[in-house]
**Q** 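Structure in structure tokens, see below.
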Amino acid sequence: MTTTKPARVRFAPSPTGFLHLGGARTALYDYLLARQTGGQFILRIEDTDRKRYIPGAEEELMRSLRWLGLEWDEGPDKGGPYGPYRQSERKEIYQKYAQQLVDSGHAYYCFCTPERLAQMRKEQQARGEPPHYDGTCRNIPPEEARRRVEAGEPHVIRFKMPKEGTITVHDLLRGDITVENRTLDDYILVKSDGWALYHLAAMVDDHLMGITHVIRGSEWLPTFPLHAHIYRAFGWEEPIWVHLSVFLKPSGKGKMSKRDAEVFRKGHKSIFIKDLEELGYLPEAVNNWIALMGWSYDDHTEFFTMQDLIEKFSLERLKPSPAAVNFSKLDHFNGLHIRALPEEELARRLVPYFHAAGYPDVTVDDLRPIVPLIQTRITTLDEAPKIAGFFFREDVEPVPEELIAKKLDAAQSVEVARRAREVLAAVPEDAFTPENTEPPMRALVDELGLKAGQVFGIVRVAVTGQRVSPPLFETLAIVGKAKTIERMDKAIKMLEALAKKTQ
RNA sequence: GCCCCCAUCGUCUAGUCUGGCCUAGGACACGGGCCUUUCAAGCCCGCGACAUGGGUUCAAAUCCCAUUGGGGGCACCA
């Protein structure tokens, strides 16, 4: 861990949807840097566009962040010394700074109508030119512009981009990037409704909030020079800029689309954090997984707890190239973290999944003995009720054919089932443990000259209703003698019926 | 179309800055084996990559150039 100055970093989502993988990774890196340096992690809501605002999205964003364990130090719900932390509450601040830019000649009023602009763009494209503002209002004398503004004429404020020269900006991962100013546009800073756009609002906020590292997606790379221009126009010291690569779809071909996201959701996958929780993923696993998409510690360490990440994360080891999302790796990490959980903790976390799966009365106490049996057998928490739900059902419904042992017929299986029932019935009810049930059952296997799997398989299907289950004798101990015998009897009846039918 | 970014196994990556230790390491997935009452877990083995072409150099995955490929952006969205 390198000792550096405390970092002030911010995660600044706009409330237009759910937290997804890309946002979560950005937030995670923000959080790690803040915690590692003893700095602050700030949550700022970028909600200046009222048209795109989705009610409830802000709360949902916060919920996902908290689920991941990324608690912020300053934010809209908890305040802080640099608030407010919602851009919709900072309108006057942006107007003041926009005015400052106009006064210093770095910005100007533009009275062009959206219709004219659209027409202009159309013509430019027809001519094969890249769309850009043509500068019509750039040279309106300040006094005249002011008069028109005061007369109530609709207007926006644009950045007065230099027509010549170049600007060199510095990204931590990519080094210096030099672009020609003429390829940049006179971007709009303040809309005609008086609201600042991202380009102005985020820069003002980042400066005012003392942000030391701006970590954001690489979709901001094209406007990065504009942002640097704004900082320099104000005469402010720039933060360290870090542009993270985007996530590609698993095939590596292109960015995730809305359509892709829907398809994933059908296949027990999702790019949305709130879905991942529902699908049975651990926040530990999700963090571990996304941390490693674009960052690495060394050539072999892959398992990281949050504490590990806080200690070992470093901006220097970030990678600038895009990364394809690999869901099977998430499954792998989830399995790893499930196995790393103390049994008591796993039991606690499993409770809601049993409730959701239709076992509303299951408690931690019920789950405690079962956890050791399934801990290595599930990769997501929602699999637990599927594999161990039979423990909580009054009755099980085996598929009759599955009761027939391998290489035996129905009649022979009935016989084996009857003998197994006898053996189990002979074990005392209050000592129905693996130590007492397994040896006599093994003796039976020898006596019958069969394979263990043949005999145990019948009992397994009879008692659990499944071909695949946790280890048999531990399972029987939890199910108890009474239910075991009851289910054996039922299985024997089913087998008898089958035997009669095939005669 | 214009601008910007990126480039090692199918995928995530180590190695690139500071050329030689790289007949390129790890992980996921995949194939096989061991263990085994089912299924997992665990262990072992295998498969598999420096995009291409030019340079520079005694030596290039590593440096330079070009090409190709991929990604992103070009809104009174963020």
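Below, chain A is the first sequence line, B the second, and so on; all start at residue 1.
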**Q** I need the NE2-P distance between A/His300 and B/G15, as an integer number of Å.
**A** 13 Å
**Q** Compare side-chain N and O positions of A/Lys191 against OP1 and OP2 of B/C77 and report whether any pair is under 4.0 Å apart.
**A**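 So the side-chain polar atoms of A/Lys191 do come within 4.0 Å of the phosphate oxygens OP1 or OP2 of B/C77, strictly under.
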**Q** Answer yes when A/Glu415 and A/Arg418 have at least one side-chain N-carboxylate O distance shorter than 4.0 Å, and no when they do not.
**A**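 Yes.
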**Q** When you check the phosphate oxygens OP1 and OP2 of B/A27, does a side-chain N or O of A/Lys329 lie under 4.0 Å from one of them?
**A**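 No, A/Lys329 has no side-chain N/O under 4.0 Å of OP1/OP2 on B/A27.
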**Q** Rounded to the nearest 0.5 Å, what separates atom CG in A/Leu315 from atom CG in A/Leu173?
**A**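 So the CG of A/Leu315 and the CG of A/Leu173 are separated by 8.0 Å.
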**Q** Between A/Ser469 and B/U38, does any side-chain N or O lie under 4.0 Å from OP1 or OP2?
**A** no
**Q** Can you tell me if A/His332 touches the phosphate of B/C28, counting only side-chain N or O atoms and a distance under 4.0 Å to OP1 or OP2?
**A**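 Looking at the OP1 and OP2 atoms of B/C28, one of them is under 4.0 Å from a side-chain N or O of A/His332.
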**Q** Between A/Ser218 and B/G73, does any side-chain N or O lie under 4.0 Å from OP1 or OP2?
**A** no
**Q** Within 45° of the axis and under 6.0 Å from the centre of the six-membered ring of A/Tyr109, does NZ or CZ of A/Arg148 qualify?
**A**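 Judged by the rule, A/Arg148 and A/Tyr109 form no cation-pi pair.
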**Q** Between B/A66 and B/G10, how far apart are the two C1' atoms, rounded to whole Å?
**A**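 Roughly 29 Å separates the two C1' atoms.
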**Q** Could you tell me the separation between the CG atom of A/Leu336 and the C1' atom of B/A29, rounded to a whole number of Å?
**A** 15 Å
**Q** What is the distance from CZ of A/Phe247 to C1' of B/U13, rounded to the nearest Å?
**A**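 Answer to the nearest Å: 14 Å.
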**Q** What interatomic distance, in whole Å, is found between C1' of B/U57 and the corresponding atom of B/G25?
**A**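 Result for the C1' pair: 26 Å, nearest Å.
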**Q** List the steps, then state whether ring-ring contact (aromatic ring centres under 6.0 Å, His included) holds for A/His227 with A/Tyr198.
**A** CA-CA 10 Å; A/His227 300 150; A/Tyr198 174 91; 5.6 Å; yes
**Q** Answer with base, sugar-phosphate or nothing: what part of the nucleic acid does A/Leu184 contact at a heavy-atom distance below 4.0 Å?
**A**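 Counting heavy atoms under 4.0 Å across all strands, no contact is made by A/Leu184.
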**Q** If the C1' atom of B/C50 is compared with that of B/A61, how far apart are they to the nearest Å?
**A** 4 Å
**Q** Is the distance from OP1 or OP2 of B/C4 to the nearest side-chain N or O of A/Arg174 less than 4.0 Å?
**A** no
**Q** Is A/Lys319 close enough to B/A14 that one of its side-chain N or O atoms is under 4.0 Å from OP1 or OP2 there?
**A**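 For B/A14, OP1/OP2 do have a side-chain N/O of A/Lys319 under 4.0 Å.
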**Q** Closer than 4.0 Å, any side-chain N/O of A/Arg317 to the OP1 or OP2 of B/G15?
**A**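 Checking A/Arg317 against B/G15: at least one side-chain N or O falls below 4.0 Å of OP1 or OP2.
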**Q** Regarding A/Trp195, tell me which of base, sugar-phosphate or nothing describes its non-hydrogen contacts under 4.0 Å with the strands shown.
**A** nothing
**Q** In a check of ring pair (Phe, Tyr, Trp, His ring centres under 6.0 Å) between A/His199 and each of A/Tyr187, A/Phe159, A/Tyr97, which one passes?
**A** A/Tyr187
